[in-house]
Structures are given as structure tokens and as C-alpha cells.
Amino acid sequence: KVGSTPTVRVGKSNSESFRIIRFRDGRPVAYTYREHATAPIPFARNAPSPIHVTYDGANDGGDATVTAQWENELEEAFPQARIVFVLPKGNYRASAGASARAIESDDSRFTVLEVRIDLGPKSRGEMVVKPRE
């Protein structure tokens with residue numbers, strides 16, 4: 001078990017593949033790629049992640065408008081995936097997905113916005129986060 005979230009690390013330290021572990025109601029319900037009996041995620045440990053996000057605009061609290069481009073290269077969907085933005089303190093809206101929560105930083109300088117989006121298999125997309133008008 002890892003950390004305070006319901007995450008379980010599975011595999012050997014020298015393994016060249018990863019497992020997808022899906023949870024429902026706090027319990028693991030699936031451990032393999034595309035619900036196969038044994039298949040791990042098809043990418044090597046030192047390869048770039050097949051699910052990735054790039055940001056146009058600083059995602060460090062410096063820009064009030066930030067574009068996120070995401071891609072899922074896998075043949076499996078990831079519903080309710082999270083994309084996180086660090087923005088100057090304010091009230092924001094996303095052009096795609098659903099704003100899950102906004103948290104003000106301890107020093108009241110930044111807003112951390114979490115947006116949920118359903119990543120379909122072999123999909124890509126873009127969203128823009130900007131201040132509400």
C-alpha cells in the first residue's frame with residue numbers, strides 16, 4: 001500500500017511493464033489492460049507515459065489563461081481523469097470537462113483548479129481554462 005489514498009503498488013522492481021489497477025468503492029476491481037486475464041499496460045518502464053498532458057501558458061500560477069492538450073495513446077478509456085491547473089487567485093472556467101474543485105493556496109496567491117475529463121481510448125483533446133467573466 002502506498003500513501004493515504006487507496007493505491008496498491010504491484011509488480012517487481014525490474015518489471016518492464018505496468019498494471020492498471022482500478023478501484024470501485026475503495027476496493028480494487030481490475031488489474032490488467034483492456035480487461036485481459038494477464039495483460040499489463042504495453043509500455044516499458046523507461047518509456048514516456050502513454051497518457052500525457054502538455055500546457056500552453058505557464059501552469060505555475062503565472063498565467064490566468066492556460067491551454068491543456070491531452071492524449072491517451074492506450075486502447076482503454078480512463079473516465080473522470082484529472083487535469084490540474086495552477087493559476088493566479090481567482091474564479092475560473094474550463095472549456096471542456098467539468099470543474100471538480102478549486103482550492104486556494106495557503107498564501108492566498110494561487111487557485112489550484114482540478115478539472116475532470118473522460119479520456120476515451122486512443123483519444124486526444126484540448127481545453128482552455130480562463131477567468132470567469
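Both backbone and side-chain heavy atoms feed into the values below; hydrogens, waters and symmetry mates do not. Numbering starts at 1 and runs along the sequence shown.
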Is Ser105 close to Val112 at the side-chain level, that is, under 4.5 Å between some pair of heavy atoms? no
Can you list every salt bridge (Lys or Arg N to Asp or Glu O under 4.0 Å) pair that touches residues 121-133, not counting sequence neighbours? Glu71-Arg124
For Thr111 and Gly90, indicate whether the former's side chain and the latter's backbone hold a donor-acceptor pair under 3.5 Å. yes
Closest heavy-atom pair and its distance - Arg116, Ala100: CG-CB, 3.6 Å
Could you check if a side-chain atom of Leu119 sits within less than 4.5 angstrom of a side-chain atom of Ile51, using non-hydrogen atoms only? yes
Between Arg27 and Asp25, does any NZ, NE, NH1 or NH2 come within less than 4.0 Å of an OD or OE carboxylate oxygen? no
Could you check whether any side-chain heavy atom of Asp56 comes within less than 4.5 Å of a side-chain heavy atom of Val66, counting everything from C-beta outward? no
Measuring only between side-chain heavy atoms, which start at C-beta, is Leu87 closer than 4.5 Å to Val129? yes
Flag yes if more than 12 heavy atoms outside Asp107 fall under 6.0 Å of its CG atom; otherwise flag no. yes
Please report the shortest heavy-atom distance between Ile83 and Ala68, naming the atom on each side. CG2-CB, 4.1 Å
So which atom in Asp63 and which in Pro88 form the shortest heavy-atom distance, rounded to 0.1 Å? O-CD, 3.1 Å
Search all heavy atoms of Gly120 against all heavy atoms of Asn72 and return the closest pair with its distance. O-ND2, 3.0 Å
Tightest non-hydrogen contact, residues Ser108 and Glu104, listed as OG-OE2, 2.8 Å
Could you tell me whether the side chain of Phe78 reaches within less than 4.5 Å of the side chain of Pro121, counting heavy atoms only? no
From CZ (Phe85) to CG (Asp60), nearest 0.5 Å: 13.0 Å
Once rounded to the nearest 0.5 Å, what's the spacing between atom CD of Glu75 and atom CD of Glu73? 11.5 Å
Side-chain contact test, heavy atoms from C-beta onward, threshold under 4.5 Å: evaluate it for Arg109 versus Lys89 and give yes or no. no
Contacts satisfying salt bridge (Lys or Arg N to Asp or Glu O under 4.0 Å) that involve residues 90-99 (not counting sequence neighbours) are none
Closest non-hydrogen atoms of Ala96 and Ile117, given as atom of the first, atom of the second and distance, are CB-CD1, 4.4 Å
Should Tyr92 and Val53 be counted in the same cluster of Ile, Leu, Val, Met, Phe, Trp and Tyr side chains packed under 4.5 Å apart? yes
